[in-house]
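Quick notes on the structure that follows.
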Number of protein chains: 2
Amino acid sequence: MPTISRTPNLELIRRSPFFAAAGEAAMARLLRPSFTQQLPRTTILFDQNELPDFVHLLLAGSIGLKAEAEAGGETVVEIFGPGELLLVPAVLLGLPYLASGVALTDVRVLMIPAETFREGVAQDPALARATIELLSRHWRLMVDQVVDLKLRPAERRVARFLARRVPEEAGAGTAELPEPRAALAARRGGTPATLSRALAALEQQGLIRLSARRADVVDRARLA
Amino acid sequence: MPTISRTPNLELIRRSPFFAAAGEAAMARLLRPSFTQQLPRTTILFDQNELPDFVHLLLAGSIGLKAEAEAGGETVVEIFGPGELLLVPAVLLGLPYLASGVALTDVRVLMIPAETFREGVAQDPALARATIELLSRHWRLMVDQVVDLKLRPAERRVARFLARRVPEEAGAGTAELPEPRAALAARRGGTPATLSRALAALEQQGLIRLSARRADVVDRARLA
DNA sequence: CAGCGGTCTTGATATATATCAAGCAACAAT
DNA sequence: ATTGTTGCTTGATATATATCAAGACCGCTG
């Protein structure tokens, strides 16, 4: 069922933030033992509490980090889009994953063996530098989320999310929303019901126009 | 008023997670242009939205990352204790701080010039490796916090916090609480009122014994 | 195209925690 | 030791959002 290919999508990989920073030689080093997979939505790429075998470079689609707590609840800690590498901290610290990686859409991923990645980072300064940049960026995204959760009401959180999802730097644009509403809501610290209400409120205010899997944004700056 | 000393506390520094990982030579490299400061509680070490001049190694006391949102609220994103290095992501990415660093108690910090740190990390593999470990660890702490905020009720959050604050691995122990209650509460995503209530509830259940600046924990495992 | 199953939306109600206010406790200054 | 200030605690009330339930919508399959 999953499609396995040894012909990686070179341009996509080259343009990912990680490999753009690491450079061609470092990229070639990691690609040699790696392979690409096409996986359907809901696939679990890695399990919370398990030890990592691979680092995954997301080439297309969305992956959610789903975490469970001991009392049985489940949430989405982060949603990664194309070009993102995950989950570097668990691989490099040799610790279990803190969350499962779940495909929120059909996804294409490059699977880099964990040991290859660890050796590469330890031996190649370009890979070390790219890893430091990636980890720094990801930490700052988490900080931003914590501030969001603690200080902003649900509607403001949703508005900011849409602003960031619009590819255009300014003015009107379109935020594609291919992920399940439940995942989008959980990432924002809420429920699907609250997400629906927030989206409806923003539409009522004339800031967006909603359809099933997208939101047309009238002016990005007014949502930020 | 602040005490500046060029005689660093070598053993404290050596035993910090970062320098324990980086080793003696790397440590010597960073220490050469650095200096130590003793600062009173409420001192602002660095400002949200400013660019970094230093990396701070906390030698004693607590520092809170305080963030403000545009609508005027303020919260505490993280509290760092002795041995922690901050704020590496802003320094290495050359970006403004996402939060201010505020002394929650009197603190002693080692100030490492940002440029020295950047050069060190770029040129010394031991420093790069230590940085990667630190960033990975800090990211996982943020993930843990997001899960806490999203899945656990306030009392559970406080209980887990106390369990982690107890230095003893198991059994009875004491959690010192020198920081202002408002900061402790904000880090946990709540208000001082809710923190008080949670602490009182845990005491009522016989899990802790409270005094002004400490909580005696009966059995750490029952709080975790 | 029709039917089915899963997801999403919406109205009503419940709830965990914030807010408000006042008193108490701790700390600093004299 | 006393006084004043700041921080903390506690009771009452308010509120943002969760929960529950039912209908609408969307996507997939035959």
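Closest contact between the side chain of Ala212(A) and the listed nucleotides dT10(D), dT19(D), dC26(D) involves dC26(D). Side-chain proximity of Thr191(B) to the nucleotides dT9(C), dA18(C), dT9(D) is greatest for dA18(C). Nearest nucleotide to the Ala182(B) side chain, out of dC8(D), dA12(C), dT10(D): dC8(D). Here the nucleotide nearest the side chain of Ser196(B), chosen from dT10(C), dT10(D), dT9(C), is dT10(D).
Residues Arg197(B) and Glu155(B) are not paired through a salt bridge, judged by the lack of any N-O separation under 4.0 Å between the basic side chain and the carboxylate. With respect to Glu179(A) and Arg41(A), no salt bridge is recorded, no charged nitrogen being found less than 4.0 Å from a carboxylate O. Using a 4.0 Å cut-off between a side-chain N of Lys or Arg and a carboxylate O of Asp or Glu, Arg209(B) and Glu203(B) do not qualify as a salt bridge.
Between Arg213(A) and dC25(D) there is no side-chain polar atom (N or O) within less than 4.0 angstrom of OP1 or OP2. A close approach under 4.0 Å does occur between a side-chain nitrogen or oxygen of Arg181(A) and OP1 or OP2 of dT9(C).
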Evaluation steps, side chain to side chain contact (heavy atoms under 4.5 Å, CB included), between Thr131(B) and Leu135(A)
CA-CA 10 Å; Thr131(B) 299; Leu135(A) 290 168; over 6 Å; no
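Annotation: cation-pi geometry satisfied between Arg188(B) and Phe161(B) (NZ/CZ under 6.0 angstrom from ring centroid, within 45° of ring axis).
Proximity of residues 144-159 of chain B to DNA chain D (heavy atom under 4.0 angstrom from any strand atom) is not detected for any residue.
Heavy atoms of Gly73(B) sit nowhere under 4.0 angstrom from any nucleic acid atom.
From Leu87(A), atom CG reaches atom CD of Glu84(A) across 10.5 Å, with rounding to the nearest 0.5 Å.
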